[in-house]
Each structure stands twice: as structure tokens, then as C-alpha cells.
Chemist: 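Dropping a structure here in C-alpha cells format, bear with me for questions.
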Amino acid sequence: QTGSANTNPSDSADDEYITSVSIGTPAQVLPLDFDTGSSDLWVFSSETPKSSASGHVTYSPSKSSTAKKLSGSTWSIEYGDKSSSSGDVYTDVVTIGGFSVKTQAVESATKVSTQFVQDTVISGLVGLGFDIGNQVSPRPQKTWFSNAASSLAEPLFTADLRHQETGSYNFGFIDTSLAKGTIGYTPADGSEGYWGFTATGYSVGGAQLNRNSITGIADTGTTLLLLPDNIVDAYYNNVESAEYDDSQEGVVFDCSEDLPSFSFGVGGQTITISGDLLNLTPIEEGSSTCFGGLQSSADIGINIFGDVALKAALVVFDLGNERLGWAQK
Ligand SMILES: O=C(CNCCc1c[nH]c2ccccc12)Nc1scc(-c2ccccc2)c1C(=O)NCc1ccccc1
């Protein structure tokens, strides 16, 4: 068995990607953000304060004949950007791309932080990280993919995120036609709950790849490519108008500048992110100053290959073989 779901950028900056998910009987369809950087499926619900839920599609367990309260279970998550949510837990049928998991833990939000309240295009997250990262207590729950894996043709899924166009999440199969290059595989480290891996080097503007190990995570839930300062500086030294903007908390530059590409090595392949994918968006509507897709990971303590990097590749999240595959698109 397999599943295939389309995913769409939420806005003109590709800030996040929205995928429709069916929950319950009859189906309640919610726009959710698939997140390989976390391991909880949580949703805005009938239990979310009305003031917080306004503008969001919500899940009502009381309207689903297959919903069951997981009594005594609660959850609470805080993300690195200080956003957070918490609540209680139901199990229900969750269908993604035509594949149904009958008894999926659906974490219902009774509290959500302002970032999520204001982000009305999404009604929650589908964690696609490793089960060890799940935040339900007293008994951690499995992710949708972990529950699905044993019934899928192959225990893997692929992410094909695209700039300002429809992409896909495929479960149980690899559509190699989505990529130009060969898929290079590298071991994945799931011990922290993330899809961790090590890139073998980087280059700016198509130059020869140097040999620098870069350990990081493949994270569909983070917009940016966040790398060490030495790499960020090496890149922006090629961008004449680049400067650090305190109010934006990142490097900005003239929108008119032609940005160099950025490449990294992984699994014996070279993934090249074109310059225009590294110009994320004007800092404000109509501004001629643009915000960079590559930013520093220095005060984060972890390198994150977020959507800006993933957009350049077809990425295979291979749970069965504990490995990540990358192919140039
Ligand atoms: O949490 C995830 C993936 N789920 C994000 C869900 C989400 C969190 N707000 C959201 C808002 C909308 C949609 C989804 C999300 N990835 C990781 S691993 C380490 C960090 C981290 C640790 C310390 C400091 C910083 C990051 C993060 C992180 O916070 N990324 C988001 C971010 C990273 C940088 C800047 C902003 C956000």
C-alpha cells in the first residue's frame, strides 16, 4: 500500500507547506503542516479557546463516531522559536494521501501560543520525526508515519517541496521522476527524534565543494537553512549589499542583487540551491530589501536544513534503513 498527498506553500515566501489531512468519521479535513523536525500530530479543536481558534479549521472529536478519548493523557510542546501548544489526546482514524491509520493519537490543543493563533493558514502539525520525540505523557504515542510504516509497501516517505508551486509527500514509494539526479543515501540518526545526518562539504557559486563535515537535521517544519557562521559569512561575502539587520534578526540585502548558488555534499551527491531560492522575500510588502534564506545557526546549537534546502531536492526519509536519500531536482 502507498499514499500520495499534494502540499502547497502557505504564502509568497514559502514560509510553510500545507497538506490536507482527513480526521474522524465522517471525515473532518484540516490543513496541516508536515514536520520532520517534531513527532506530535496536534490540531486546533473544539477544545481550543474560541478566541484562539477563530479563523482556524478545527477538529471536533464529539462529531466523530470513531473518536476515543485517551483518558489521562496530556501533551505539551515548546519549539525553538518559543512557540508552544498543549492539550489532551484522542485516538481517531487519520487519512493522508488516501492511506488510513485507524487508531492514530490526535493531540487536541487546549492552549496555543500567539504564533500559531496568528497563523490561520494551518490548523496544526503532523510530526514526521522519530517516535522518541513524542511529547505525550504518561505514555508517548507513535507518529502517523510510524503507525503506517508496517503496512506501507516500503517503510519510507519522500518530500518534494517546491518554490511557489504544488509539491508532494509520498508514502511507501519513491517516484524517481520527481528528481533530475541520482539519489545519494547517508545514515540518519534518529536518537534525538530528528532526522539527523552529516553533509560532507559546501561551496558557493558553483565552486569546487570543500571538505567540511556539517552535522544537521532535515526539517520540513523550519523555513530557513540555518548553518554555522563561517559558512554564512563565506556565502554573504559574495553579496555586495548584504548586512546583518538587528530588527529582522538576520542577513538582508538589496532585492535586485543576483545571489550566488549554494551547494552541499551528501551521500556522494551534490545538492545545489539556486540563488533565487536563497532570496526568501522582501522584509516588508513592497520593500526593496530582501531577507536571506540562509541564516546563522550559531545561537541555536543545531544546523537545520529547512525548506530552503529541501526545495532543491527530492528527499527520501527511509525509516526501514535508518537513512536519508537526497537527489537534485
Ligand atoms: O521545531 C522544529 C520543527 N518544528 C517547527 C514547528 C514550528 C514552530 N513554529 C512554527 C510556526 C509555524 C509553523 C510551524 C512551526 N525544528 C527545530 S529543531 C531545533 C529548533 C530550534 C531550537 C532552538 C532555537 C531555534 C530552533 C527547531 C525550531 O524551532 N524550528 C522552527 C524555527 C526555527 C528557527 C526560527 C523560527 C522557527
Side-chain angles (χ1 to χ4, degrees), residues 7-19 21 30-44 48 52 55-57 75-86 107 109 111-135 143-145 159 161 169 188-197 214-229 232 244-245 247-252 280-281 283 291-310 315 317 324:
T7 192
N8 289 291
S10 62
D11 59 19
S12 58
D14 300 343
D15 272 318
E16 62 223 341
Y17 287 80
I18 298 168
T19 310
V21 176
L30 277 70
L32 301 182
D33 183 3
F34 286 18
D35 183 7
T36 57
S38 67
S39 306
D40 287 62
L41 192 167
W42 70 264
V43 292
F44 278 71
T48 311
S52 300
H56 290 265
V57 178
W75 60 281
S76 176
I77 300 181
E78 186 176 53
Y79 300 101
D81 63 347
K82 300 294 172 247
S83 60
S84 62
S85 51
S86 59
E107 301 170 32
K111 259 174 78 181
V112 286
S113 66
T114 42
Q115 290 100 317
F116 291 118
V117 169
Q118 289 163 353
D119 195 355
T120 52
V121 290
I122 58 167
S123 292
L125 269 56
V126 176
L128 295 172
F130 288 76
D131 290 342
I132 192 167
N134 182 264
Q135 301 294 300
T143 68
W144 183 87
F145 172 63
L161 303 183
Y169 283 97
D189 167 16
S191 59
E192 300 296 315
Y194 307 124
W195 287 86
F197 72 101
I214 311 166
T215 299
I217 68 171
D219 184 358
T220 59
T222 292
T223 310
L224 302 172
L225 171 56
L226 299 163
L227 294 177
D229 281 339
V232 174
Y244 187 85
D245 179 328
S247 68
Q248 296 296 320
E249 290 188 321
V251 179
V252 301
L280 214 52
T281 181
I283 56 172
F291 190 78
L294 170 60
Q295 297 292 343
S296 169
S297 64
D299 40 7
I300 287 184
I302 182 173
N303 298 313
I304 304 181
F305 292 78
D307 299 336
V308 162
L310 302 173
V315 188
F317 294 81
L324 272 170

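Counting starts at 1 for both ligands and their atoms, following the listed order.
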Chemist: Would you say the ring centroid of F305 lies under 6.0 angstrom from that of F197?
Modeler: yes
Chemist: Indicate yes or no: at least one non-hydrogen side-chain atom of W42 is less than 4.5 angstrom from one of V112.
Modeler: yes
Chemist: Return the residue, atom name and 0.1 Å-rounded distance of the protein heavy atom closest to atom 31 (C) of ligand 1.
Modeler: T222 OG1, 3.3 Å
Chemist: May I ask you to list the atoms of ligand 1 that are less than 4.0 angstrom from any heavy atom of Y194?
Modeler: 18 (S), 19 (C)
Chemist: Just wondering, do V232 and L294 contact through their side chains at under 4.5 Å, heavy atoms?
Modeler: yes
Chemist: Look only at interatomic distance and state if I217 has a nitrogen or oxygen under 3.5 Å from any nitrogen or oxygen of ligand 1.
Modeler: no
Chemist: Closer than 4.0 angstrom: is that true for some heavy atom of L125 and an atom of ligand 1?
Modeler: yes
Chemist: Suppose we measure from atom 11 (C) of ligand 1 to each protein heavy atom; which comes out shortest, and what is that distance?
Modeler: F116 CE2, 3.8 Å
Chemist: Would you say Y17 and S10 make side-chain contact, with heavy atoms under 4.5 Å?
Modeler: no
Chemist: At a 4.0 Å cut-off, with the gap strictly under it, does some heavy atom of E16 reach an atom of ligand 1?
Modeler: yes
Chemist: Any idea how H56 and F44 line up, ring-wise: parallel (<30°), tilted (30 to 60°), or perpendicular (>60°)?
Modeler: parallel
Chemist: Under the rule for salt bridge (Lys or Arg N to Asp or Glu O under 4.0 Å), what residues qualify as partners of D15, not counting sequence neighbours?
Modeler: none
Chemist: Looking at non-hydrogen atoms alone, which of D40, N303, I304 comes nearest to atom 20 (C) of ligand 1?
Modeler: I304
Chemist: Can you label the angle between the F116 ring and the Y79 ring as parallel, tilted or perpendicular, going by 30° and 60°?
Modeler: perpendicular
Chemist: Atoms of ligand 1 less than 4.0 Å from I122 heavy atoms?
Modeler: 13 (C)
Chemist: Please list, in number order, the atoms of ligand 1 under 4.0 Å from a heavy atom of G221.
Modeler: 5 (C)
Chemist: Counting both backbone and side chain atoms, is some N or O of D81 under 3.5 Å from an N or O of ligand 1?
Modeler: yes
Chemist: Examine the proximity of ligand 1 to L224 and report which part, side chain or backbone, both or neither, has a heavy atom under 4.0 Å away.
Modeler: neither
Chemist: Does L128 reach the side chain of T143, with side-chain heavy atoms less than 4.5 Å apart?
Modeler: no
Chemist: Do you know which two heavy atoms are closest between G193 and S39, and how far apart they sit?
Modeler: O-OG, 3.9 Å
Chemist: What is the nearest protein non-hydrogen atom to atom 22 (C) of ligand 1, stated with its residue, atom name and distance?
Modeler: G80 CA, 3.5 Å
Chemist: Considering the heavy atoms of D219, write down every atom of ligand 1 situated less than 4.0 Å from one of them.
Modeler: 2 (C), 3 (C), 16 (N), 17 (C)
Chemist: Backbone, side chain, both or neither: what part of D35 comes under 4.0 angstrom of ligand 1, heavy atoms only?
Modeler: side chain
Chemist: For F34, run the side chain to side chain contact (heavy atoms under 4.5 Å, CB included) check against L125, I18, V21, L41 and tell me which one passes.
Modeler: V21
Chemist: Of the non-hydrogen atoms in E78 and S84, which two are nearest, and what is the gap between them?
Modeler: CA-CB, 4.1 Å
Chemist: Below 4.0 Å, non-hydrogen atoms only: which portion of D33 touches ligand 1? Side chain, backbone, both or neither.
Modeler: side chain
Chemist: Which of the numbered atoms in ligand 1 are under 4.0 angstrom from any heavy atom belonging to S83?
Modeler: 8 (C), 9 (N)
Chemist: Take every heavy atom of T36, measure it against each atom of ligand 1, and state whether any distance is under 4.0 Å.
Modeler: no
Chemist: Of all the non-hydrogen atoms in the protein, which one sits nearest to atom 1 (O) of ligand 1, and at what distance?
Modeler: Y79 CD2, 3.5 Å
Chemist: Mind checking whether D119 contacts ligand 1 via backbone (N, CA, C, O), side chain (CB onward), both or neither, at a 4.0 Å heavy-atom cut-off?
Modeler: side chain
Chemist: To which protein heavy atom is atom 34 (C) of ligand 1 closest, and what is the distance rounded to 0.1 Å?
Modeler: L226 CD1, 4.0 Å
Chemist: For N303, what residues pass the side chain to side chain contact (heavy atoms under 4.5 Å, CB included) criterion, not counting sequence neighbours?
Modeler: I214, L227, P228, S297
